[in-house]
Amino acid sequence: MKVLNEMKLSFPSRSANEAFARTSLAAFAAALDPTIEELADIKTAVSEAVTNAIVHGYRQQIGTVYIHAKILEKNRIVIRIRDTGCGMEDIKQAMEPMYTTCTTGERSGLGFAVMEAFMDKVKVRSKLGRGTSVTLEKTILSKGAE
Amino acid sequence: MKVLNEMKLSFPSRSANEAFARTSLAAFAAALDPTIEELADIKTAVSEAVTNAIVHGYRQQIGTVYIHAKILEKNRIVIRIRDTGCGMEDIKQAMEPMYTTCTTGERSGLGFAVMEAFMDKVKVRSKLGRGTSVTLEKTILSKGAE
Amino acid sequence: MSLQLYTKEKQVTACLIGEIDHHGAGHLREAIDEMVKRIHPDTLILDFRDVTFMDSSGIGLVMGRYRLVREWGGTVEIHNPSPSIKKVMRLAGMDRIASIHSSPPAGGASCEKTEAKR
Amino acid sequence: MSLQLYTKEKQVTACLIGEIDHHGAGHLREAIDEMVKRIHPDTLILDFRDVTFMDSSGIGLVMGRYRLVREWGGTVEIHNPSPSIKKVMRLAGMDRIASIHSSPPAGGASCEKTEAKR
Ligand SMILES: Nc1ncnc2c1ncn2[C@@H]1O[C@H](COP(=O)(O)OP(=O)(O)O)[C@@H](O)[C@H]1O
Ligand SMILES: Nc1ncnc2c1ncn2[C@@H]1O[C@H](COP(=O)(O)OP(=O)(O)O)[C@@H](O)[C@H]1O
């Protein structure tokens, strides 16, 4: 699969970087000429994955969040968000809607559900104590972009 | 000098990435709560340096452009744009206003002049055949941001 | 992210402004709860007309407020979500715990004059 | 980046839209030159009212067009640059080769109805 464009981005896991990360990815995806809705889908899914890396992956510590995004042929965008944080034991359970390990009641457990609803494909790899990587994929249909 | 936040970004030297790069840096700088003018200054200077890496550093080839940006204490932002392209022999001459090695007449030779006018500090390092790095620094004065 | 709060009798209107994510949700939550705990409103209106982005952190925000006002039998109304915010709300089944309105509230304070900020 | 071109007698108006950088400048240049070489205008108006960003590539664009129309004694007018674009123009001394105007051109085609696109 030919890579038409790509970018790598990394930043410390501070919550202020959630907005920066999704804006940056939206600027990268703009080359595909997405509709407003498609762009909002991508921003939302990226925001979920980056927030998870910050909130769950690194918890109280500051680690580095890595993003690698590619634009492939046929208007496909693939975005991998990776942390080297705590990892998860049971990915399937983690991805169930409403499942959350957050105890404050302020997280809905819907992060993965949002990613799955807004992107075409979501692939999660994780290893306890080693970290997590989430790969999001979407084909931009709307307009006949390059 | 304490680093409050930072980001690393890299992408292939395609001209379509000029817009992506400056938008991304603007999103990163937004945490300093700059005025519209300060943000335009940063975007313009970044656009100049990234364009130079693409146009002059790598010329006809595709290489990688590396950006490392930091937010320091006292509202300072430092942005380094680096290429591993052809490098320059005479930095001082290259930085003279109106000096350009472009022969099509479509470049003004004002890239460095714009960087110097719009940022507080511009530092250039270059080695022939090894590449160039441009470091841009600016203190965001306007509002008493974090 | 910023916020304006209005009260009118037993009604609290929160005009949410900007992008709602995990980073900003904590401040919003604290500011809204401070007011809501004081007034104990029958109706808490969350007006999203000036919200330009929202991820599932916004769902957590709505659910948390819903649980709070339910303590004294209050209800939550969601006003003027944009299409993409409605999409997140629908996914989360927010319509089961709060009514979703698309026009300014009849009688209550309105967020119409709120100016959108980044 | 996009462009609209209007002609009226010996005047060409180019309404520039979006962000002007090295990436987009080539297309703009070609489209403008194609028209200008056909019409040989006395006045070429470059209207920046819908330009949201410009770096020194825009200076190259203006200078190149200036050199072209000068071949037959034509002039270039720059209309409605935003404050930050004016800053780049001033730095480059553009006022020495083109007059800078802040209101719609008297008589010529106007870019008023041009809608800003990204
Ligand atoms: N990057 C990550 N590192 C470790 N655990 C994660 C990560 N992402 C998600 N999880 C786990 O999966 C659960 C469900 O995630 P999600 O569906 O996004 O909901 P929420 O973030 O609201 O808890 C989280 O509560 C957490 O336990
Ligand atoms: N990254 C770079 N690599 C190699 N040469 C460069 C680089 N940046 C600038 N230069 C040289 O410096 C000259 C002046 O640059 P600049 O002031 O930006 O004007 P312009 O880009 O319009 O030529 C260029 O023409 C080029 O010869």
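In what follows, every heavy atom counts, from backbone to side chain, and hydrogens, waters and symmetry copies are set aside. Computed from a predicted structure; not experimentally measured. Residue numbers start from 1 in every chain, and the chains themselves are labelled A, B, ... in the order their sequence lines are given, proteins ahead of strands.
- A pairwise comparison of heavy atoms in B:Gly109 and B:Thr100 identifies CA-CB, 3.8 Å as the closest pair.
- Ranked by non-hydrogen atom pairs under 4.5 Å with chain B, the options A:Asn5, A:Val65, A:Ile67 are led by A:Asn5.
- Between A:Glu137 and the choices A:Lys74, A:Arg80, A:Lys70, A:Arg76, the salt bridge (charged side-chain N to carboxylate O under 4.0 Å, His left out) rule is met once, by A:Arg76.
- Looking only at heavy-atom pairs under 4.5 Å with chain A, the residue among B:Ala26, B:Ala16, B:Ala27 that has the most is B:Ala27.
- Separation of atoms CD1 (A:Ile62) and CZ (A:Phe11) is listed at 11.5 Å; rounding is to 0.5 Å.
- Between chain B and the options A:Glu6, A:Arg14, A:Lys8, heavy-atom pairs under 4.5 Å are most frequent for A:Lys8.
- Of the charged side-chain nitrogens involved, none lies within less than 4.0 Å of a carboxylate oxygen, so that A:Lys138 and A:Glu38 do not count as a salt-bridged pair.
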